[in-house]
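Below, each value reflects all heavy atoms present in this structure, side chains not excepted, and no hydrogens, waters or symmetry copies.
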Amino acid sequence: MYTAHPDRYADLPYRRTGRSGLKLPAISLGLWHNFGPDRPVETQRAILRRAFDLGVTHFDLANNYGPPPGAAESALGEFLKADFAAYRDELVISTKAGYLMWPGPYGEWGSRKYLLSSLDRSLARMGLDYVDIFYSHRPDPETPLEETMGALHSAVQQGKALYVGISNYSAEQTREAARILGELGTPLLIHQPRYSMLDRRPEEEGLLDALDELQVGSIVFSPLEQGLLSSRYLDGIPEDSRAASDSPFLNSDAVTADLVGKLRALDEIAKGRGQTLAQLALAWVLRGGRVTSALVGASSPQQIEDSVAATRNLDFDADELARIDEIVKP
């Protein structure tokens with residue numbers, strides 16, 4: 001029988017999400033690739049328990065997380081029932097729809113039929129009456145944005161989601177989505193973009209400026225750039241790493257001698273701050289409070305502990321920021 005740690009809210013900072021009343025932990029747990037049947041159940045359970053004990057109240061999913069697709073939601077449903085039923089009101093659980101889930105023309109993208117059908121399936125897998133946040137996982141180039149945002153609005157009206165968000169939308173698309181949702185009466189709560197020291201597109205393409213302007217929150221995925229911004233690649237490519245596998249998300253060609261040199265230089269900055277490279281990377285995206293939360297995956301409880309420890313030092317001086325920019329920018 002699991003009993004949560006009594007001091008779980010003592011250390012991890014929480015940040016208000018845009019102009020809403022919802023606060024998110026600075027570190028959130030993503031159940032992307034470590035919660036399928038290929039991973040030990042006890043390890044999955046230990047990760048979730050340790051995360052919650054440390055104040056990580058936000059578990060982020062999508063319909064296609066696993067593998068196979070749907071497996072992560074099903075796994076979380078079992079853990080919610082066994083361990084977290086008494087703590088449901090302390091948890092923020094989010095899911096998304098947008099990528100391929102079943103055959104035929106109604107199994108992906110942004111139609112009303114797909115989004116609401118997918119949400120029903122997600123709720124059934126997790127054994128929930130509602131999720132806290134429901135996202136459109138990617139913009140649909142063929143479906144009118146009014147239809148996609150209307151489906152998110154309907155999810156709230158039906159009591160199946162408390163808030164709505166978008167992911168992988170451009171700054172211009174985000175402004176339009178926020179406008180449509182505002183007119184419907186369901187504000188856009190949050191955007192989930194990819195952002196890291198090595199991927200500056202949300203800065204360079206104006207997305208962060210748009211979110212500031214709209215007072216919309218942000219939770220960034222891949223802040224460790226698929227593990228590149230960790231100690232694993234400081235000496236090249238380990239045999240058991242993602243880059244050494246056939247992963248479509250990171251391949252060995254990305255780990256060049258030039259990149260390894262940059263990682264080593266960043267690691268020296270991290271050491272000077274009393275942090276690991278991964279902690280530096282998390283602190284960097286969270287600097288200044290512009291990002292609401294950093295989304296991390298974990299294959300062990302220790303990884304969650306290390307990520308949460310990054311929040312003990314989120315301040316950077318001008319020299320540190322300039323050195324980081326000099327290292328990573330072309």
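- The CG atom of Leu228 sits 11.5 Å away from the CG atom of Leu266 when rounded to the nearest 0.5 Å.
- The minimum heavy-atom distance linking Gly55 with Leu12 is given by the pair O-CD2, 3.4 Å.
- Side chain of Tyr87 to main chain of Ala4: a donor-acceptor pair is present (N/O by atom type, distance under 3.5 Å, no hydrogens or angles).
- A donor atom on one side chain and an acceptor atom on the other are not found under 3.5 Å apart for Thr148 and Thr143.
- A donor-acceptor contact shorter than 3.5 Å is absent between the side chain of Asn168 and the backbone of Arg138.
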Would you please test Phe35 and Ile47 for side-chain contact (heavy atoms from CB on, under 4.5 Å) and show each step?
-> CA-CA 10 Å; Phe35 286 81; Ile47 291 169; 4.0 Å; yes

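- With salt bridges taken as basic N to acidic carboxylate O contacts below 4.0 Å, none links Lys160 and Asp129.
- Side-chain N or O atoms of Thr292 include one that pairs as donor or acceptor with a backbone N or O of Ser218 at under 3.5 Å.
- Taking the six-membered ring where the residue is Trp, Phe84 and Phe59 present perpendicular rings, their angle passing 60° and hence far from 30°.
- A pairwise comparison of heavy atoms in Leu29 and Ala51 identifies CD2-CB, 4.1 Å as the closest pair.
- When all heavy atoms of Pro37 and Pro67 are compared, the pair lying nearest together is CD-O, 3.2 Å.
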Please assess Leu198 against Lys262 for the test side-chain contact (heavy atoms from CB on, under 4.5 Å), listing each intermediate value before the final yes or no.
-> CA-CA 10 Å; Leu198 299 178; Lys262 291 180 179 181; 5.5 Å; no

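- Look at Arg287 and Asp315 and you find no salt bridge, because none of the NZ, NE, NH1 or NH2 atoms lies under 4.0 Å from a carboxylate O.
- Listed here is the closest heavy atom pair of Arg16 and Gly21: NH1-CA, 3.3 Å.
- Judged by distance alone, with hydrogens and angles left aside, the side-chain atoms of Ser293 form a donor-acceptor pair with the main-chain N or O of Pro25 at under 3.5 Å.
- Taking the side chain as every heavy atom from C-beta outward, Phe79 and Gln44 approach each other to under 4.5 Å.
- Cation-pi geometry between Arg264 and Tyr233 is not satisfied (NZ or CZ under 6.0 Å from the ring centre, within 45° of the ring normal).
- The residues Glu90 and Lys23 are annotated as not salt-bridged, no charged nitrogen and carboxylate oxygen being separated by less than 4.0 angstrom.
- The minimum heavy-atom distance linking Leu295 with Gln192 is given by the pair CD2-OE1, 3.4 Å.
- Atom OG1 in Thr17 sits 3.5 Å away from atom CG in Leu24 (nearest 0.5 Å).
- At a threshold of 4.0 Å, the pair Lys271-Glu268 counts as salt-bridged, since one of the basic side-chain nitrogens sits closer than that to a carboxylate oxygen.
- In summary, of the residues considered (Gln173, Met149, His137), a side-chain contact (heavy atoms from CB on, under 4.5 Å) with Ile166 occurs for Met149 alone.
- In this structure, the side chain of Ser230 engages the main chain of Gly227 through a donor-acceptor pair within 3.5 Å.
- Rounding to the nearest 0.5 angstrom, the gap separating the CG atom in Leu31 from the OH atom in Tyr65 is 9.5 Å.
- Salt bridge status for Arg200 with Glu205: absent, with no side-chain N to carboxylate O gap under 4.0 Å.
- Annotation for Pro193 and Pro202: closest pair CB-CG, 4.2 Å, computed over non-hydrogen atoms.
- Here the side chains of Leu282 and Val296 are in contact, with some heavy-atom distance below 4.5 Å.
- For the atom pair CG of Leu162 and OH of Tyr130, the computed distance is 5.5 Å after rounding to the nearest 0.5 Å.
- Arg201 has no carboxylate O lying under 4.0 Å from a charged side-chain N of Glu204, or vice versa, which leaves the two without a salt bridge.
- Distance alone, capped at 3.5 Å, places no donor-acceptor pair between the Glu183 side chain and the Ile180 backbone.
- Asn64 places no side-chain N or O within donor-acceptor distance of the main-chain N or O of Pro69, the cut-off being under 3.5 Å.
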Go through the steps to decide whether Arg312 and Gln275 satisfy the test side-chain contact (heavy atoms from CB on, under 4.5 Å), and finish with yes or no.
-> CA-CA 10 Å; Arg312 296 172 190 157; Gln275 293 179 317; over 6 Å; no

Assess whether side-chain contact (heavy atoms from CB on, under 4.5 Å) is satisfied between Leu145 and Asp140, documenting all intermediate values.
-> CA-CA 8 Å; Leu145 195 56; Asp140 184 339; over 6 Å; no

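- In this structure, Gln279 contributes its side chain and Asp306 its backbone to a donor-acceptor pair below 3.5 Å.
- Donor-acceptor pairing under 3.5 Å is recorded for the side chains of Ser299 and Gln303.
- Other residues, nucleotides and ligands contribute over 12 non-hydrogen atoms within 6.0 Å of the CD atom of Glu213.
- Heavy-atom neighbours of Asp325 CG from other residues, nucleotides or ligands within 6.0 Å: above the threshold of 12.
- A salt bridge links Glu225 with Arg194: the distance from a Lys NZ or Arg NE/NH1/NH2 to an Asp or Glu carboxylate oxygen falls below 4.0 Å.
- Using cut-offs of 30° and 60° on the angle between ring planes, the pair Tyr114 and Trp102 is tilted.
- Remark: Arg273 is positioned above the aromatic ring of Phe316, its terminal NZ or CZ atom under 6.0 angstrom from the ring centre and at most 45 degrees off the axis.
- Looking at Leu208 and Tyr195, their side chains come closer than 4.5 Å, going by heavy atoms from C-beta outward.
- To the nearest 0.5 Å, the span separating CG on Leu91 from CG on Leu80 amounts to 7.0 Å.
- Side-chain N/O atoms of Asp53 and Tyr2 include a donor and acceptor closer than 3.5 Å.
- Judged purely by distance below 3.5 Å, without hydrogens or angles, the side chains of Ser74 and Glu78 never pair a donor atom with an acceptor atom.
- Between the side chains of Ser118 and Asn63, at least one donor N or O sits under 3.5 Å from an acceptor N or O.
- Asp7 places no side-chain N or O within 3.5 Å of a backbone atom of Ala10 that could act as its donor or acceptor partner.
- Hydrophobic clustering (side-chain heavy atoms under 4.5 Å, transitive across Ile, Leu, Val, Met, Phe, Trp, Tyr) keeps Leu189 apart from Leu152.
- Under the 4.0 Å criterion applied to side-chain N and carboxylate O atoms, Glu326 and Arg323 are not assigned as salt-bridge partners.
- Taking the ring centre of Tyr106 as origin, the terminal cationic atom of Lys113 falls inside the region bounded by 6.0 Å and 45° from the ring axis.
- Distance check: Thr3 OG1 to Arg49 CZ gives 9.0 Å after rounding to the nearest 0.5 Å.
- Glu147 places a side-chain N or O within donor-acceptor distance of the main-chain N or O of Arg112, the cut-off being under 3.5 Å.
- Judged purely by distance below 3.5 Å, without hydrogens or angles, the side chains of Tyr169 and Ser136 pair a donor atom with an acceptor atom.
- Each of Leu61, Leu115, Asp60 was scored for a side-chain contact (heavy atoms from CB on, under 4.5 Å) with Tyr135, with one residue passing: Asp60.
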